[in-house]
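Since the structure comes first, as structure tokens, the remarks are kept for the end.
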Amino acid sequence: MLKLHGFAVSNYFNMVRIALETKGIPYEVVQRFPSQDEDWLSLSPIGKVPCLETPDGTLAETIVILEYLDESFPDKPLIPGTPFEKGMTRQLMQMIKLYIELPARRLFPGVFFGGKNSDAAVDEVKPVLEKGVRALNTLGRFDPYLIGAGPTAADFMLMYSLDLAAAVAKKTYDWDMLADITGSKALLDRLNEDPIAQRIAEEKQAQMAAFLSMRG
Ligand SMILES: N[C@@H](CCC(=O)N[C@@H](CS)C(=O)NCC(=O)O)C(=O)O
């Protein structure tokens, strides 16, 4: 059986988890926190979570794992359609990672973990997020899902990235980022209403206090 390594507060872990659950793929969770321990690095070369143990070996990097799942379990595709349509979903996945999640993540220490963000980081992140917002407005259809009638892997990346990025934008710049992405608030509400998403959110909430005290 597939083994998903990670922990319930991790947004990347939850992107993979919701894909596994939505597709109905059997899997086990192995609770793991990021580290540079030798045994973990032998599974996840950079030491991050998530990582997926498959019958053929181990894969790290969320987009790689999502692609592996869709190719190995073609029912209920999360990167559906023609090569071009698949390209559109993949394009959004990359835009969300590179221009929403990663820049926002630079400011997590000051926003979520009681640290202080440097002025340089604060200045550098905003224009990148603005480009990400512009790309989502250009590429997203929000009708009702990001790119079509059903959720894709891009929706799952969005729901576990945009919530955090919006919190970063609000606290750092007093910027209501969701108001600037037409349809995004309704889409996040729709995605979060799903019973699978609610279960994942409950597990995240249950682990949150322990996670924050571990970091503090
Ligand atoms: N590019 C990685 C990012 C994963 C990631 O940043 N995971 C976080 C937890 S949500 C982590 O392991 N952080 C520890 C670190 O950055 O060393 C992916 O797509 O899976």
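When a ligand or atom number is given, it counts from 1 through the structure's own listing order. In what follows, every heavy atom counts, from backbone to side chain, and hydrogens, waters and symmetry copies are set aside. This one's a predicted model, so the numbers in the text were calculated from it and none came from an experiment.
- The number of heavy atoms from other shown groups lying within 6.0 Å of CD (Glu28) is above 12.
- The pair Arg199-Glu203 does not meet the salt-bridge criterion, since no charged nitrogen lies less than 4.0 angstrom from a carboxylate oxygen.
- The neighbour count for Phe84 CZ, taken as heavy atoms of other residues, nucleotides or ligands under 6.0 Å away, does not exceed 12.
- Using a 4.0 Å cut-off between charged nitrogen and carboxylate oxygen, Glu67 and Lys86 do not count as a salt-bridge pair.
- Shortest contact from atom 20 (O) of ligand 1 to any protein heavy atom: Thr62 OG1, 2.8 Å.
- Within the structure, ligand 1 lacks Gly6 among the residues with a heavy atom less than 4.0 angstrom away.
- Within 6.0 Å of NZ in Lys131 there are 12 or fewer heavy atoms belonging to other residues, nucleotides or ligands.
- Numbered from 1 in the order shown, with element, the atoms of ligand 1 that lie under 4.0 Å from a heavy atom of Arg105 read 6 (O), 8 (C), 10 (S).
- In terms of protein heavy-atom proximity, atom 1 (N) of ligand 1 is closest to Glu61 OE1, 2.7 Å.
- Counting heavy atoms from C-beta outward, Leu102 and Lys97 have side chains that approach closer than 4.5 Å.
- Trp40 has its side chain within reach of His5: a pair of non-hydrogen atoms, C-beta onward, lies under 4.5 Å apart.
- Protein heavy atom nearest atom 7 (N) of ligand 1, with residue, atom name and distance: Val49 O, 2.8 Å.
- Comparing heavy-atom distances from atom 16 (O) of ligand 1 across Met157, Met93, Lys48 singles out Lys48 as nearest.
- For atom 9 (C) of ligand 1, the closest non-hydrogen atom of the protein is Ser10 OG, 3.8 Å.
- Protein heavy atom in closest approach to atom 11 (C) of ligand 1: Pro34 CG, 3.7 Å.
- Close approach of ligand 1 to Pro50 is summarised as follows: ligand atoms under 4.0 Å from at least one heavy atom of the residue are 20 (O).
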